Amino acid sequence: MPELPEAETLRIYLENTSLYKIILDLEVRDQRILEKISSKELKQSLAGYQFQSVNRYGKRLFLRLRIDLWLTIHLGMSGWIRYSGIDEGEPPYTRLLISFTNGHYLAYSDPRLFGRFGLTDDPRALVREKSLGPDALNIDQQVFLEIMLGRKSAIKARLLDQCIIAGIGNLYADEALFQAGICPNAKSIDEERLRLLFEWIQRVLKTAISVNANLADLPESYLISHRYPGGSCPLDGTALMRIRIGGRTSYYCPYHQKR
DNA sequence: AGTACCACCTGACGGC
DNA sequence: TGCCGTCAGGTGGTAC
């Protein structure tokens with residue numbers, strides 16, 4: 001569940017549930033989700049403190065513990081977090097638990113174990129370290145044009161490259177390209193169509209956030225729910241094409257999306 | 001710079 | 001029923 005809209009939805013959720021509560025304890029069930037840190041270190045950094053704010057950059061979340069210390073979270077492919085009371089039981093595949101002194105806890109669930117927890121003294125340093133491009137929701141049109149022009153890769157590969165623009169994943173790349181009428185394989189795209197793509201990226205991401213990244217609640221005119229073998233275009237029923245770009249499966253409508 | 005693989009993981013699904 | 005290959009909304013590494 002982890003593209004920008006899911007991360008933003010979770011950011012808001014954590015903001016509404018988990019700020020200013022004193023952290024009692026941390027339990028790491030599987031060390032593989034820790035990034036360059038031991039569970040002991042993480043526990044020492046969390047216990048007794050409280051989350052002061054939650055920021056997002058691309059698909060990553062940053063929870064501030066102190067002026068110069070942030071918990072960093074990447075949801076990987078199947079990560080999610082739930083805030084619940086002790087009597088509610090924990091979600092399946094819980095890999096990490098953060099308990100608060102109020103009796104509630106945050107459970108990080110992640111079947112595939114691709115998510116990562118870490119610490120940083122400065123989110124901007126982590127963004128530099130990972131060479132992340134500008135955040136897809138905080139980029140202005142001019143910068144978008146500059147980073148997209150002058151590249152020769154397939155447009156979808158550019159959208160998926162977090163070093164070029166951060167936050168867009170496989171589903172929403174397909175969606176934005178569908179709405180903008182651009183084939184994912186297109187390589188040379190004029191400025192006017194790039195402007196259109198920019199507008200659709202903004203609109204698609206904001207729309208997804210407005211429904212809490214609940215795919216079933218997206219507009220009927222969206223491609224996402226038709227992304228399966230044999231699926232058809234929501235606009236006119238044309239059979240969708242299925243190709244691979246950068247190792248990822250891409251669906252597009254051969255009638256509405258042009259090279 | 002761009003691309004093609006592989007690896008990291010587990011679960012779901014379709015074919016036989 | 002059960003095994004097997006393939007696929008899944010991500011990222012990082014390698015090699016050409």
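The chains referred to below are lettered A, B, ... by the order of the sequence lines, with proteins before strands, and numbering in each begins at 1. These figures come from a predicted structure and were not determined experimentally.
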- Task: State the dot-bracket string of DNA chain B. Criteria: Watson-Crick or G-U wobble, both atom distances under 3.5 angstrom; notation: ( ) intrastrand, [ ] crossing earlier pairs, | interstrand, . unpaired.
- Result: .|||||||.|||||||
- Item | Donor on one side chain, acceptor on other, A:Gln179 and A:Arg203, under 3.5 Å | no
- Task: May I ask you to evaluate whether A:Arg244 reaches the phosphate of C:dA8, defined as a side-chain N or O under 4.0 Å from OP1 or OP2?
- Result: yes
- Interatomic distance where CD1 belongs to A:Ile147 and P belongs to B:dA1 [whole Å]: 15 Å
- Candidates B:dG2, C:dG10, C:dC7 - which lies nearest the side chain of A:Phe114: C:dG10
- Message: Would you say A:Arg32 places a side-chain N or O within less than 4.0 Å of OP1 or OP2 belonging to B:dC9?
- Response: yes
- Task: Scan A:Arg151 against the nucleic acid and name what it touches under 4.0 Å (heavy atoms): base, sugar-phosphate only, or nothing.
- Result: sugar-phosphate
- Message: Pairing donors with acceptors under 3.5 angstrom, does anything connect the side chains of A:Tyr108 and A:Asp110?
- Response: yes
- For C:dT6 versus B:dC5, give the span between their P atoms, rounded off to a whole number of Å. 14 Å
- A:Arg227 side chain N/O closer than 4.0 Å to the phosphate oxygens (OP1, OP2) of C:dG9? yes
- Message: I need the A:Glu3 CD to A:Leu160 CG distance, nearest 0.5 Å.
- Response: 8.0 Å
- Task: Please state whether the phosphate of C:dT11, meaning OP1 or OP2, lies under 4.0 angstrom from any side-chain nitrogen or oxygen of A:Lys59.
- Result: yes
- Task: Choose from B:dT3, B:dC9, C:dG9 the nucleotide whose nearest atom is closest to any side-chain atom of A:Leu215.
- Result: C:dG9
- A:Thr249 side chain N/O closer than 4.0 Å to the phosphate oxygens (OP1, OP2) of C:dA8? yes
- Query: Does A:Phe51 have A:Arg64 sitting over its ring (NZ/CZ under 6.0 Å from centre, angle to axis within 45°)?
  - Reply: no
- Do A:Thr9 and A:Glu6 meet the criterion of a side-chain donor-acceptor pair at a distance under 3.5 Å? no
- Item | Chi angles and distances behind the salt bridge (Lys or Arg N to Asp or Glu O under 4.0 Å) call for A:Glu192, A:Arg195 | CA-CA 5 Å; A:Glu192 190 186 330; A:Arg195 285 181 204 279; over 6 Å; no
- Task: Specify the residues of residues 126-135 of chain A, ordered by number, for which at least one heavy atom lies under 4.0 angstrom from an atom of DNA chain C.
- Result: A:Lys130
- Query: With respect to the phosphate group of C:dT11, does any side-chain polar atom (N or O) of A:His74 fall under 4.0 Å of OP1 or OP2?
  - Reply: yes
- Message: Does A:Tyr93 reach a base, just sugar-phosphate, or nothing at all? Heavy atoms under 4.0 Å.
- Response: sugar-phosphate
